[in-house]
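Okay, so here's the structure we're looking at.
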Amino acid sequence: MNKNMTFLVVDDNPTMRRMTKHLLRDIGYSKVQEADNGETALTMVEEGNVDFLMMSLPMPDMDGMDMIKAIKADPNLEDILILIVLEKGFYRETIIHAVNAGANGYIIKPFNAEKLETELRKIFERT
């Protein structure tokens with residue numbers, strides 16, 4: 001796992017963004033940015049310097065599913081890794097749809113540093 005990767009945490013909930021940033025830092029990732037919606041996040045991704053995206057699916061302006069599709073359709077961005085962050089109760093079909101669109105994995109809220117590190121490790125092992 002490359003601890004020098006730059007993460008972008010995308011969630012419209014500021015508490016969730018802050019918690020996720022702290023968890024990433026707890027497991028050794030110090031380069032963590034944040035965005036509060038898909039449009040802002042996509043602009044940040046297009047500007048470069050994002051290796052890994054952690055994002056919620058339901059968001060204002062541009063939802064996560066549309067963001068995944070936009071990133072994976074762009075040859076300059078398609079290698080960015082994506083972990084979707086879901087609330088309990090999401091349907092299995094939503095997860096399958098997101099993975100088929102290009103997400104590399106998912107994690108269900110609430111999660112701790114150990115669970116996050118496990119999910120990240122799974123993604124790195126597959127890529």
Side-chain angles (χ1 to χ4, degrees):
M1 295 186 347
N2 180 356
K3 299 292 182 167
N4 289 320
M5 295 181 92
T6 300
F7 279 76
L8 177 58
V9 176
V10 188
D11 198 304
D12 58 340
N13 181 324
T15 302
M16 191 66 204
R17 286 194 314 270
R18 190 170 38 255
M19 182 195 85
T20 303
K21 282 176 64 173
H22 288 296
L23 291 175
L24 284 166
R25 289 182 176 149
D26 287 349
I27 59 176
Y29 296 97
S30 59
K31 297 178 182 177
V32 184
Q33 303 173 42
E34 62 180 272
D36 62 356
N37 65 59
E39 259 183 31
T40 301
L42 187 57
T43 299
M44 292 172 75
V45 168
E46 290 171 341
E47 289 172 354
N49 200 28
V50 173
D51 303 303
F52 202 113
L53 203 54
M54 282 188 67
M55 62 184 210
S56 176
L57 288 181
M59 290 184 291
D61 300 324
M62 172 186 268
D63 73 13
M65 200 68 74
D66 289 338
M67 193 171 156
I68 293 170
K69 291 175 185 174
I71 289 169
K72 295 304 177 175
D74 186 330
N76 296 317
L77 306 176
E78 67 184 355
D79 291 335
I80 293 173
L81 299 172
I82 301 172
L83 177 66
I84 55 173
V85 180
L86 301 168
E87 301 277 344
K88 282 185 181 178
F90 260 84
Y91 294 104
R92 180 178 169 91
E93 292 82 22
T94 302
I95 296 168
I96 292 168
H97 188 63
V99 170
N100 286 339
N104 300 94
Y106 69 94
I107 192 166
I108 306 291
K109 298 176 193 176
F111 54 89
N112 59 24
E114 182 180 336
K115 177 68 175 164
L116 178 56
E117 190 167 28
T118 297
E119 294 306 316
L120 293 176
R121 186 171 284 117
K122 286 179 189 177
I123 290 171
F124 294 136
E125 287 171 358
R126 288 191 304 260
T127 56

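Because only heavy atoms are used, hydrogens play no part in the values below, and waters and symmetry mates are left out as well, while side chains stay in. Nothing fancy with the numbering, it's 1 onward along the sequence.
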If you take all heavy atoms of [X] and [Y], which pair is closest and at what distance?
| X | Y | result |
| --- | --- | --- |
| Leu53 | Ile71 | CD2-CD1, 3.3 Å |
| Ala98 | Ile84 | CB-CD1, 3.4 Å |
| Met62 | Asp66 | CG-CB, 4.0 Å |
| Leu8 | Ala35 | CD1-N, 4.0 Å |
| Met67 | Ala41 | CE-CB, 3.3 Å |
| Val85 | Met54 | CG2-CE, 3.9 Å |

- Query: Does Glu125 pair with Lys122 as a salt bridge, N-O distance under 4.0 Å?
  - Reply: no
- Query: Atom CE of Met19 and atom CG of Leu24: how far apart are they, to the nearest 0.5 Å?
  - Reply: 9.5 Å
Okay, side chain of [X], backbone of [Y]: is any donor-acceptor separation there less than 3.5 Å?
| X | Y | value |
| --- | --- | --- |
| Asn104 | Ile82 | yes |
| Lys3 | Ile27 | yes |
| Lys88 | Pro110 | no |

- side-chain hydrogen bond (donor to acceptor under 3.5 Å, both in side chains) contacts in which one or both residues fall within residues 38-48, not counting sequence neighbours: Asn37-Thr40
- With sequence neighbours excluded, tell me which residues meet salt bridge (Lys or Arg N to Asp or Glu O under 4.0 Å) with Lys109. Asp11, Glu87
- Query: Between Phe124 and Tyr29, what is the ring plane arrangement, given parallel below 30°, perpendicular above 60°, and tilted in between?
  - Reply: tilted
- Task: Count the heavy atoms of every other residue, nucleotide or ligand shown that sit under 6.0 Å from CZ of Arg92, and state whether that count exceeds 12.
- Result: no
- Task: Tell me, yes or no, whether the heavy-atom count around Tyr106 atom OH, taken from other residues, nucleotides or ligands under 6.0 Å, exceeds 12.
- Result: no
